[in-house]
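This structure is in structure tokens; I'll ask about it shortly.
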Amino acid sequence: MEIKLCEKKDGFKTQSNDIGFPDDIKKDKEGTPYHCDICDKSFSAKCHLNKHKLIHTGERPHRCDICGKSFSHNRHLIVHMRVHTGETPYHCDICDESFSAVCHFNKHKCFHPGRRPHQCDICGKSFSLKCNLTIHIRIHTGEKPYHCDVCGKSFSVGSSLTKHKRIHTGEKPFHCDLCGKSFSGSSDLTQHKRFHTGEKPYQCDICSKSFSQSSHLTVHRRIHTGEKPYQCDICGKSFSESSPLTQHKRVHTGEKPYHCDICDKSFTAIRSLTKHRDSHTGD
């Protein structure tokens, strides 16, 4: 009996090859990889090859029904939908910050102490990722390789250019589900939502004061450290924030960008213009 069964199995194998099974089934059985006929990349399964081919064809069959943006893979659409829903399922157990995509979460984890191998040889600041060091060095060099083709404004980071272009297009794809207000950047929406929730996740480890934005905490810490990293290249005066330096430089240049629409008098600071306007209204 055993011999007959073996013979039947052998016969079945022979028959399957003779009757012309589909090529994809044959390849699965033989373990033959699937080759892309455009770039010759190989895959172990036909479904992976089909997904890969979308790179060459440019086809994007997965469309967001909220903003209309399209994607080549469904997983990219799933991550994109979190822009609209505000969902951030990836939570850092060190600082409790949350992320919508696992790739952003993995990058973030590198920012915690002990994981910053890339050091700036100009100021000594360290970074977890080499790309972040590259971006940081542009602060020192002034390099801004990303140019807006509408107004010519330049940026040191590509994402800043993407966000800037929405000023021209008026696009605001990030919507608050509490009040309906829309924003051009996802970070702006995240910060806005904290006005509704009252959340202040960034706490000073010296005085325990809390802030809704990490940049506000960074500036606040300089009160304790006395750090003033923004220096005037004309007179050498230093500031803890960039905006006071910008305003200070107008003392040297004579620039007065804020104009009174009643008497046409000009000012170096917007608060001076606001105070001046009160003289017209009598307030």
Side-chain angles (χ1 to χ4, degrees), residues 86 88 90-101 103-144 146 153-164 174 183-233 235-250 269-271:
T88 51
Y90 303 99
H91 307 287
C92 177
D93 54 4
I94 298 174
C95 69
D96 206 33
E97 195 164 350
S98 298
F99 301 86
S100 59
C103 58
H104 298 155
F105 174 49
N106 289 335
K107 283 183 180 179
H108 164 81
K109 286 193 289 187
C110 295
F111 284 94
H112 290 294
R115 287 181 162 185
R116 300 193 174 193
H118 305 284
Q119 190 176 50
C120 175
D121 55 7
I122 299 173
C123 68
K125 192 170 183 179
S126 297
F127 299 86
S128 56
L129 302 173
K130 190 175 181 179
C131 60
N132 292 336
L133 172 60
T134 301
I135 291 169
H136 163 79
I137 286 176
R138 292 173 186 151
I139 294 172
H140 302 297
T141 63
E143 183 191 7
K144 294 182 177 182
Y146 302 96
K153 193 171 182 179
S154 298
F155 301 87
S156 59
V157 186
S159 58
S160 299
L161 172 59
T162 301
K163 185 178 177 181
H164 163 80
F174 306 98
F183 300 87
S184 58
S186 60
S187 58
D188 297 328
L189 172 60
T190 301
Q191 290 172 12
H192 164 79
K193 280 189 171 181
R194 290 176 184 146
F195 286 108
H196 296 298
T197 63
E199 182 190 9
K200 293 183 177 182
Y202 305 100
Q203 189 176 54
C204 176
D205 52 5
I206 298 172
C207 70
S208 297
K209 191 171 183 179
S210 297
F211 301 86
S212 60
Q213 297 179 36
S214 61
S215 58
H216 294 169
L217 173 59
T218 300
V219 171
H220 164 80
R221 276 181 174 160
R222 292 174 186 149
I223 295 172
H224 302 297
T225 64
E227 183 190 7
K228 293 183 177 183
Y230 302 97
Q231 189 175 52
C232 176
D233 54 5
C235 69
K237 191 172 182 179
S238 297
F239 301 86
S240 59
E241 297 179 61
S242 61
S243 54
L245 172 59
T246 301
Q247 184 179 315
H248 162 79
K249 280 188 172 181
R250 293 173 186 145
I270 194 167
R271 67 173 179 272

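Since the structure is predicted, the reported quantities are computational estimates derived from the model, not experimental observations. Each residue takes its place number in the sequence, starting with 1.
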Partners passing salt bridge (charged side-chain N to carboxylate O under 4.0 Å, His left out) against Asp121 (at least two apart in sequence or in another chain): none
First locate atom CD of Gln231, then atom CG of Asp233, and finally report the distance between them rounded to the nearest 0.5 Å. 8.5 Å
Looking at CD of Glu241 and OG1 of Thr246, how far apart are the two atoms once the value is rounded to the nearest 0.5 Å? 10.5 Å
Can you name the ring-ring contact (aromatic ring centres under 6.0 Å, His included) partners of Phe155, sequence neighbours left out? His164
Give the intermediate values and the outcome of side-chain contact (heavy atoms from CB on, under 4.5 Å) for residues Leu133 and Cys120. CA-CA 7 Å; Leu133 172 60; Cys120 175; 3.8 Å; yes
Suppose we screen for salt bridge (charged side-chain N to carboxylate O under 4.0 Å, His left out). Which residues come up paired with Lys125, at least two apart in sequence or across chains? none
Any chance you could measure Lys249, atom NZ, to Tyr230, atom OH, to the nearest 0.5 Å? 12.5 Å
As an exercise, state the distance from OH of Tyr146 to OG of Ser160, rounded to the nearest 0.5 Å. 10.0 Å
Please tell me if the side chains of Leu245 and Cys232 come closer than 4.5 Å, counting only heavy atoms from C-beta onward. yes
Identify each donor-acceptor pair in which a side-chain atom of residues 214-226 lies under 3.5 Å from a protein atom, sequence neighbours left out, and give them as a table.
residue	atom	partner	partner atom	Å
Thr218	OG1	Ser214	O	3.1
His220	NE2	His224	NE2	3.2
Arg222	NH1	Ser240	O	2.5
Thr225	OG1	Arg221	O	3.4
Thr225	OG1	Glu227	N	3.2

Partners meeting ring-ring contact (aromatic ring centres under 6.0 Å, His included) with Phe174 (sequence neighbours left out): none
Interatomic distance, NE2@His136 vs CD@Gln119, rounded to 0.5 Å, equals 9.5 Å
Show me the side-chain donor-acceptor pairs of residues 187-196 shorter than 3.5 Å, one per line, residues at least two apart or across chains.
residue	atom	partner	partner atom	Å
Asp188	OD1	Lys163	NZ	3.1
Asp188	OD2	Lys163	NZ	2.8
Thr190	OG1	Ser186	O	3.1
Gln191	OE1	Gln213	NE2	3.3
His192	NE2	His196	NE2	3.0
Arg194	NH1	Ser212	O	2.5

As an exercise, state the distance from CD1 of Ile137 to SG of Cys123, rounded to the nearest 0.5 Å. 9.0 Å
Under 3.5 Å, is there a donor-acceptor pair between the side chain of Glu97 and the main chain of Cys92? no
